[in-house]
Amino acid sequence: MQDRPDDYLAMQRWFAEPELQEWVWCDEKGEGEVPLSRIIEKYGARIKHPVDVFPYFILSDGIPMGFIQYYFADPDTIGLDMWIGTAADRGRGYGVEALRQMVALIREKHPQIRELFIDPAEENARAIRCYEKAGFRHCGKIFDDGDWCLLMKYPLSSK
């Protein structure tokens, strides 16, 4: 992802999708159109000066169609967030492939990392199936931002 107006506009369109409103935008669920200024505020610094959160677009033929980011939970653990932007692109394997590529990137860039995790809402069956197909396994539940989420982990072996 880059600091370009089109990138932020793509995210704004995705946040208008009903499924993403239900599961992704963390500030206010179901709030309708998310102002572009809030998207730039939330993601701009991550893009311009990545320190602890590293955002990427998922591309199909060079066109953004989803989002994935990783962040350090502690020196040995990285957390992931991701979504596919439009309903037409969901359920086609893009998420599984994006996760596999992100695991490979993390292994290359951060060989000290021992574990990856992702924490979908326990009702988000589509996301859970995607994460399972990519190799993440259920490890319990956590209470995050007022909701119960599944904790799913992907162990990385040391080199």
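Below, each value reflects all heavy atoms present in this structure, side chains not excepted, and no hydrogens, waters or symmetry copies.
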Heavy-atom distance under 4.5 Å between the side chains of [X] and [Y], does that happen here?
X      : Y      : value
Ile118 : Met152 : yes
Glu17  : Arg90  : yes
Val103 : Leu156 : yes

Please list all pairs meeting salt bridge (charged side-chain N to carboxylate O under 4.0 Å, His left out) that have one or both residues in residues 119-131, counting only residues at least two apart or in different chains.
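As it turns out, the salt bridge (charged side-chain N to carboxylate O under 4.0 Å, His left out) pairs with a partner in residues 119-131, which skip direct neighbours, are Glu19-Arg126, Glu122-Lys141.
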
Applying salt bridge (charged side-chain N to carboxylate O under 4.0 Å, His left out), which residue pairs with at least one partner in residues 69-86 are found, sequence neighbours left out?
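Salt bridge (charged side-chain N to carboxylate O under 4.0 Å, His left out) check on residues 69-86 returns no pairs.
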
Please identify each residue that fulfils ring-ring contact (aromatic ring centres under 6.0 Å, His included) with Tyr56, with sequence neighbours left out.
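Not a single residue meets the ring-ring contact (aromatic ring centres under 6.0 Å, His included) criterion with Tyr56.
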
Going by ring-ring contact (aromatic ring centres under 6.0 Å, His included), name the residues that satisfy it together with Phe57, two or more places apart in sequence or in a different chain.
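Residues passing ring-ring contact (aromatic ring centres under 6.0 Å, His included) with Phe57: Trp14.
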
Those residues that, when tested against Asp61, pass side chain to side chain contact (heavy atoms under 4.5 Å, CB included) (two or more places apart):
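So Asp61 forms no side chain to side chain contact (heavy atoms under 4.5 Å, CB included) with any residue.
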
Taking transitive links into account, so neighbours of neighbours count too, which hydrophobic residues share a cluster with Leu151 at under 4.5 Å side-chain distance?
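The other cluster members (ILVMFWY side chains, heavy atoms under 4.5 Å, direct or chained) are Val53, Tyr71, Phe117, Ile142.
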
Take Ile128 and His138 through the side-chain contact (heavy atoms from CB on, under 4.5 Å) test and state the conclusion after the steps.
CA-CA 9 Å; Ile128 293 165; His138 298 258; 3.8 Å; yes

Grab the two heavy atoms, one from [X] and one from [Y], that are nearest each other, plus how far apart they are.
X     : Y      : result
Leu99 : Ile68  : CD2-CD1, 3.9 Å
Met1  : Asp7   : C-OD2, 3.8 Å
Pro75 : Gln112 : O-CG, 3.8 Å
Pro50 : Ile47  : CD-O, 3.6 Å
Met82 : Cys130 : CE-SG, 4.5 Å

If I take atom [atom1] from residue [X] and atom [atom2] from residue [Y], how far apart are they, to the nearest 0.5 angstrom?
X     : Y     : atom1 : atom2 : answer
Leu80 : Phe54 : CG    : CZ    : 12.5 Å
Met11 : Arg38 : CE    : CZ    : 12.5 Å
Gln12 : Ile40 : CD    : CD1   : 8.5 Å

What ring pair (Phe, Tyr, Trp, His ring centres under 6.0 Å) pairs are there with at least one residue in residues 84-111, not counting sequence neighbours?
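Checked against ring pair (Phe, Tyr, Trp, His ring centres under 6.0 Å) - neighbours excluded - the pairs reaching residues 84-111 are Tyr70-His110, Phe72-His110.
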
[X]: partners by side chain to side chain donor-acceptor pair (under 3.5 Å), with sequence neighbours left out:
X      : result
Ser60  : none
Tyr8   : Asp3
Arg100 : none
Lys133 : none

For the pair Arg137 (side chain) and Glu132 (backbone), establish whether a donor and an acceptor sit closer than 3.5 Å, ignoring hydrogens and angles.
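Checked: pair present.
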
Measuring centre to centre across the rings, with the benzene-like ring taken for any Trp, is Phe67 within less than 6.0 Å of Tyr43?
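Close enough - the centres of the two rings lie under 6.0 Å apart.
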
side-chain contact (heavy atoms from CB on, under 4.5 Å) between Leu116 and Thr77: does it pass, once the steps are laid out?
CA-CA 6 Å; Leu116 306 176; Thr77 308; over 6 Å; no

Yes or no on side-chain contact (heavy atoms from CB on, under 4.5 Å) for Asp6 and Leu9, after CA distance, side-chain angles and deciding distance?
CA-CA 5 Å; Asp6 286 349; Leu9 289 169; 4.2 Å; yes

Verify same cluster id: Val96, Ile84 (apolar side-chain graph, 4.5 Å):
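No.
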
Not counting sequence neighbours, list each pair that qualifies as a side-chain hydrogen bond (donor to acceptor under 3.5 Å, both in side chains) and has a residue in residues 44-53.
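Matches after skipping sequence neighbours: Arg46-Gln69.
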
